[in-house]
Amino acid sequence: MKRKLMISDIHGCLEQLNELLEVAKYHCNEDQLILLGDYVDRGPRSRETVDRVMELVRHHGAIALKGNHDDRWVDFILNGGQEVKSKFFQHGGMETLQSYVPFEGEAGNDCLIDDARMVVRRDYMDHLDFLQSLPLYYEDGTHICVHAGLNPQYKNWKEQPPRDFMYIKGEFHRSPNKTGKTIVFGHTRAAELHDSPGIWFSDGKIGIDGGCAYGMQLNGLVYEDESYQSYTVMNLRQKL
Ligand SMILES: [Mn+2]
């Protein structure tokens, strides 16, 4: 039985991702790596993080899920409507755009922004296709992994709308888990679920977002022989 290693909300923190894989002694032949989404925005190296995730999926058998930030990044580049544009910049999108197309200017300059979007479409269609193709959940005999959570209103959770998989918060955190499997999720920082950025273990639910891009930490949850272990890398750079 392979070890399962789960990581969420990398948000452009490539250094911490690589360090975490190292401290957890990740080896692709022995471990099943599951990434729970939100590769871009806020952190400094979104483009390189997506490159790394693509490599892990294509050459090392990793599983990568889609997060709301990944979904919005693709929407912003391909469609770029006013609403998605303002949400994108409100939630750390400038860092992502700058990591793809370094330019000087402000989010309010539509001309510059549209030029940058065009460059991304021209040079990074492979990234956009990759992110768009990612699944919303991963399920095996014991766990359901999902970016945000499951909407308790649906008897069959697989029938919930894609938006719930990527965005749901309180309703999911507060409701009992009736799936019969443990749900591992990110999206909501563990610091909001209990008073620590460390992994939140609740009844059948495990929240692993350590808030790395907010200067907190990147968590790695390992499941092996029916028990859990966790690894942590601090985001020292932003704390200094
Ligand atoms: Mn998210």
Side-chain angles (χ1 to χ4, degrees), residues 6-14 16-17 20 33-47 49-50 52-53 56-57 62-77 83-97 99 127-128 130-138 143-152 157 160-175 183-194 197-200 202 205-221 233 235 238:
M6 295 160 270
I7 302 171
S8 191
D9 295 81
I10 300 159
H11 283 299
C13 295
L14 180 69
Q16 286 80 11
L17 170 63
L20 183 56
L33 177 63
I34 306 161
L35 303 170
L36 275 65
D38 277 4
Y39 310 106
V40 301
D41 293 344
R42 295 200 174 102
R45 298 171 77 183
S46 287
R47 176 180 56 80
T49 300
V50 175
R52 181 77 168 116
V53 172
L56 288 164
V57 168
I63 288 155
L65 307 179
K66 193 195 287 182
N68 57 311
H69 284 261
D70 313 313
D71 192 55
R72 184 164 53 221
W73 164 239
V74 173
D75 190 18
F76 166 73
I77 293 299
E83 205 190 323
V84 65
K85 217 176 224 177
S86 73
K87 289 232 162 82
F88 176 75
F89 287 113
Q90 274 164 34
H91 295 94
M94 191 52 129
E95 284 80 355
T96 304
L97 193 58
S99 81
H127 279 211
L128 303 175
F130 172 78
L131 292 173
Q132 216 163 14
S133 76
L134 296 177
L136 294 168
Y137 66 86
Y138 168 77
H143 292 81
I144 297 164
C145 298
V146 60
H147 178 63
L150 302 183
N151 186 335
W157 58 269
Q160 74 179 23
R163 205 184 152 80
D164 284 337
F165 284 101
M166 296 186 283
Y167 282 91
I168 199 163
K169 288 204 167 191
E171 224 184 328
F172 161 66
H173 306 145
R174 285 189 299 268
S175 313
I183 303 168
V184 181
F185 67 98
H187 185 59
T188 302
R189 280 164 285 159
E192 293 173 42
L193 298 166
H194 58 176
I199 293 172
W200 180 69
S202 177
K205 282 178 263 178
I206 303 177
I208 65 172
D209 176 7
C212 191
Y214 292 87
M216 289 186 263
Q217 62 190 47
L218 192 64
N219 294 321
L221 175 70
V233 168
N235 188 351
Q238 299 204 6

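When a ligand or atom number is given, it counts from 1 through the structure's own listing order. The basis for the numbers below is simple: all heavy atoms, side chains too, and nothing from hydrogens, waters or symmetry mates. Here the structure is a predicted model, which is why all the values come from computation and not from measurement.
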K.L.:
Check the orientation of W73 and F88. Use parallel for under 30°, tilted for 30 to 60°, and perpendicular for over 60°.
P.N.:
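W73 and F88: parallel rings.
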K.L.:
Taking just the N, O or S atoms of D38, which one is nearest to the Mn ion (ligand 1)?
P.N.:
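Nearest N/O/S atom: OD2.
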K.L.:
Any donor-acceptor pair under 3.5 Å linking the side-chain atoms of T96 with those of D41?
P.N.:
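The criterion, which ignores hydrogens and geometry beyond distance, is satisfied for T96 and D41.
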K.L.:
Decide, counting backbone as well as side-chain atoms, whether D209 has an N, O or S atom less than 2.8 Å from the Mn ion (ligand 1).
P.N.:
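Coordinating: no.
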K.L.:
Answer yes or no: does atom CD of E83 have more than 12 heavy-atom neighbours from other residues, nucleotides or ligands under 6.0 Å?
P.N.:
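No, CD of E83 has 12 or fewer neighbouring heavy atoms, counting only those of other groups under 6.0 Å.
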K.L.:
Taking the side chain as every heavy atom from C-beta outward, state whether L150 and Y137 have any atom pair closer than 4.5 Å.
P.N.:
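Heavy-atom side-chain distance check fails, nothing below 4.5 Å.
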K.L.:
Below 2.8 Å, can you find an N, O or S atom of N68 next to the Mn ion (ligand 1)?
P.N.:
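Checking the Mn ion (ligand 1) against N68, an N, O or S atom does fall under 2.8 Å.
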K.L.:
Find, among atoms of H187 that are N, O or S, the one nearest to the Mn ion (ligand 1), and state its name.
P.N.:
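Per the distance ranking, H187 contributes ND1 as its closest N/O/S atom to the Mn ion (ligand 1).
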